[in-house]
**Student:** 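Shown below is the structure under consideration.
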2 protein chains.
Amino acid sequence: MVNARYDHAVETRELRYFVAVAEELHFGRAAQRLTMAQPPLSRAIQRLERRLGVVLLHRNARGVALTEAGSVLLREARTALDAVEAAERRTRRAATETPGLVLATKAGASRELLSKLLDGYAAEPGAVAVEVVLCGPGEQERLLRDGRADVALLQRPFDTTAGFDTEDLHTEQQVVVLPAGHPLADRTHMSMAEVTTLTDLPLPRWPRRDGSHPGGPGPQVRDHTQLFQLIALGRACAIVPESLRATLRDEHATVPVPDAPAVTTVIAWPPHSRSTAVADLVRTATRL
Amino acid sequence: MVNARYDHAVETRELRYFVAVAEELHFGRAAQRLTMAQPPLSRAIQRLERRLGVVLLHRNARGVALTEAGSVLLREARTALDAVEAAERRTRRAATETPGLVLATKAGASRELLSKLLDGYAAEPGAVAVEVVLCGPGEQERLLRDGRADVALLQRPFDTTAGFDTEDLHTEQQVVVLPAGHPLADRTHMSMAEVTTLTDLPLPRWPRRDGSHPGGPGPQVRDHTQLFQLIALGRACAIVPESLRATLRDEHATVPVPDAPAVTTVIAWPPHSRSTAVADLVRTATRL
DNA sequence: GCACAGCGATACCGCACGGGTATCAGCCGT
DNA sequence: ACGGCTGATACCCGTGCGGTATCGCTGTGC
C-alpha cells in the first residue's frame, strides 16, 4: 500500500455489506445479519460510496432509501457475488474426483420429461451420476448462477433464462384447474379473461423471490400441493401447464385455456461451461 | 473477526492475484504485474488454496503449472472479476446524469449496418447519445461483460455470444479476397478446400486473445488494414464476410466461397439490462 | 414543549492481517 | 559442485478493519 489514493478496487466483502444494507434498508439489522457491529458497517458503506464517487443511499433520519445508482449496484452486486460464489463452488467441485452433475428443477413440474431425460442420459456411454435438486419457483436460476447446479430445467415464460445458454425441449398449452363438479368444469375451453373474472375462484398469490406475497384477493400458496388442495376445496383456481394434469386426482377438473401463453420447458446451463457431461446431457435432452 | 476459522469468503483481491499468477505461470512476474513483492503473493495463493481446500497450482521447481481445478478457477475468476468490474462501472454510470449508450463493434465490420442503426435510432423519440467504441477482434465481449459497453455488434461464429442476450440482424456469405490479377481472381466461386491449399497465398495468422500468435506458414496480422495490404502485395489471401467488399479498392479481387460458414451479425447486450435505451436500440436494430 | 427512543455518524482504540525485506530450500543446467 | 533460477519461510511493521462508547439528529408520545 504505497499511499492513500482511492485506487483500490471493490472487494466482495464491500459488496456483501452493501447488499445486506440495501436489502434491510437499516444499518443495525444489516450489521446483525452480517454478525458485526453497526459503526464499521456504516464506515464501509461510506468508503464504498467515496470510492465509487457515488451516493448509494439516502439517509433519512428514520432508515435508509436506495438511490437510483444504489438500486443498480444492488442488482449488479448480486450477480457479481453469485459469480464469485460460482467460481468458488465450481473450483471445489472440479477438484473432487467424482464429477457428477447437479440438475435443478422445479418440484412437480415436467416429471415425465425429467425421468425420460435421466433414463436416456444414464444409457449414454460416459454418463456420470446426476443429482436432482428440486427447488421452489425461481430458485433454479439462482442455483445455476452461483454454481450449486450445473444444469437446470426452466419454464418460459415463468423463469427468466437471461444469461444462460438454453435449448428448447418441449412446448405445451396451459389449462385451468377447477374443483371437480364446478359449473364450468365441462367447458371445452375458456379464455384468460373468463378465468381471471371467476370471483368465486380467485387466482392464488405465489410468494415473490424475497418471500413476500403480492396483495390481492386470492389465497397465498407456497407449492403445488397447497395449490391443488385449495382448488379441491373450491377456494381457488389456477392456470398451469397441461402436463400437470398427470398429477391430478378425480377431485379436479381441467379446461384448456388456448389464449394463455404457451409454456416452453428448456434445459439451461451456464455459458462457458466446458464440461462434456453437461454437453452430453443437453444432447440427450434435445433428442427426446 | 471472532477467531481463525477459515470461514472467510473469497475476496476479489485474491481472485486478481490468482489470475495474475495463472496467466504468468510465474510468481515473480505476477507479483511485478501486481506491483507487489513475491512473498505476500505466494502466501495469498496458499491461503486461497487452503480456504478452497483445493490445490490450484503444481509448483515445479522451474515455474508453475495449473491443475485441473486451477484452470476452472482461472476461467471462473475472470468472469467473476468482470462481473465485479461491471457492477462498479454501471453504478458509476447510473449516477451520471447523461445516460448515453456505449456500443462496441469491430473496426471495419458492418459499416453500413452500423450507420443505418445509428441513424435509425437517433430518429427514435427518446433516443440518447450513442458512443461507438471500435475494438479489436474478440474485444467486444470483454467490454460488454465488464460494463464498459452497454451493447455490441458481434459476428457469429467468430465471436462467442455465450452469456448475452442477442438478436440476429443480418446473415451474409463469405468471400475470399485475392490480389487483383491473381490467376483465380475471375473464378465464379471457390471451395474452402481450394482456398486453404493456395500455397502461394497462405491464410494469415490473427493474434489470440492473449496476444500470442498461432504457429503456421501465413504472415501475422493485427487488423484489416495490414491484412488487405498483405493481400495486395500478393503475400496472403483471406476469407471475409462479403460486406467487407465495400471497403476494397481495385487492387483486390473477391471470389465467393459458398461452403464457408455464413456470418451472422447480431446485436448483443448483457442480460438483466433494465435500460430502456438498450431496449429501444435493439428494437430499432431488429426493424432494419 | 420536552423528554425519549431510534436511527446513522463519529471518536477512539487494539489487533490481526496484508505487505515489505532478508533469507532459505529445492531443482536445473553448465 | 556450484551458481542461478524458482517458490517458500521467517520476521517485522504499518494500517485498515472491527470493536465499544458516544454523539447528533429527528420524529413521536405524554
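In what follows, chains are A, B, ... by sequence order, proteins preceding strands, each numbered from 1. All values derive from a computational prediction rather than experimental measurement.
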**Student:** I need the CZ-P distance between A:Phe18 and C:dG8, as an integer number of Å.
**Tutor:**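 Nearest whole value for this atom pair: 14 Å.
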**Student:** Does the B:Thr105 side chain pair with the main chain of B:Leu134, one donor and one acceptor, at a distance under 3.5 Å?
**Tutor:**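 Not a single qualifying donor-acceptor pair exists.
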**Student:** Can you list every side-chain hydrogen bond (donor to acceptor under 3.5 Å, both in side chains) pair that touches residues 128-140 of chain B, not counting sequence neighbours?
**Tutor:**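 Passing the test, one end in residues 128-140 of chain B: no pairs.
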**Student:** Quickly work out the A:His58 NE2 to C:dG8 C1' distance and round it to whole Å.
**Tutor:**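 It works out to 15 Å between those atoms.
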**Student:** Distance check needed: C:dA9 P versus A:Leu41 CG, whole Å only.
**Tutor:**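 Nearest whole value for this atom pair: 9 Å.
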**Student:** Does anything in residues 32-44 of chain A form a salt bridge (Lys or Arg N to Asp or Glu O under 4.0 Å)? List the pairs, not counting sequence neighbours.
**Tutor:** A:Glu23-A:Arg33, A:Glu24-A:Arg33
**Student:** With A:Ala268, which residues qualify under side chain to side chain contact (heavy atoms under 4.5 Å, CB included), at least two apart?
**Tutor:**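 For A:Ala268, the residues satisfying side chain to side chain contact (heavy atoms under 4.5 Å, CB included) (neighbours in sequence not counted) are A:Leu144, A:Leu154, A:Phe164, A:Thr166.
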**Student:** For the CD atom of B:Glu11 and the CZ atom of B:Arg47, what is their distance to the nearest 0.5 Å?
**Tutor:**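 Going from CD on B:Glu11 over to CZ on B:Arg47, the span is 11.0 Å.
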**Student:** With the sugar-phosphate defined as primed atoms, P, OP1 and OP2, and the base as all remaining atoms, what B/S/- string results for nucleotides 2-10 of chain D, 5' to 3', for protein heavy atoms under 4.0 Å?
**Tutor:** ----SSBB-
**Student:** Report the end-to-end axis angle of the helix from C:dG1-D:dC30 to C:dT30-D:dA1; each axis comes from five terminal pairs, and the value is rounded to 10°.
**Tutor:** 10°
**Student:** Could you check whether B:Glu49 pairs with B:Arg59 (Lys NZ or Arg NE/NH1/NH2 to Asp/Glu carboxylate O, under 4.0 Å)?
**Tutor:**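 Looking at B:Glu49 and B:Arg59, the cut-off is met.
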**Student:** Would the distance check show the side chain of B:Arg145 and the main-chain N or O of B:Arg78 forming a donor-acceptor pair, the cut-off being under 3.5 Å?
**Tutor:** no
**Student:** For the pair made of CG in A:Leu48 and C1' in C:dA9, what is the distance, rounded to whole Å?
**Tutor:**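 It is 17 Å, rounded to the nearest whole Å.
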**Student:** Excluding sequence neighbours, so at least two apart, what forms side chain to side chain contact (heavy atoms under 4.5 Å, CB included) with A:Leu203?
**Tutor:**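 Scan of A:Leu203 (side chain to side chain contact (heavy atoms under 4.5 Å, CB included), adjacent residues dropped) gives A:Val195, A:Thr196, A:Cys237.
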**Student:** In this structure, how many angstroms lie between the P atom of D:dG14 and the CE atom of B:Met36, rounded?
**Tutor:**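 Checked: the CE to P distance equals 18 Å.
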**Student:** Using whole Å, report how far CZ of B:Arg13 lies from P of D:dT15.
**Tutor:**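 Distance, rounded to whole Å: 16 Å.
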**Student:** For the pair made of CG in A:Leu34 and C1' in D:dC17, what is the distance, rounded to whole Å?
**Tutor:**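 After rounding, the reported distance stands at 14 Å.
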**Student:** State the CG-OH distance between A:Leu48 and A:Tyr17, to the nearest 0.5 angstrom.
**Tutor:**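 Rounded to the nearest 0.5 Å, the CG-OH separation comes to 12.0 Å.
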**Student:** From CD of A:Glu24 over to C1' of C:dG6, roughly how many Å is that when rounded to an integer?
**Tutor:**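 My rounded result for the distance is 16 Å.
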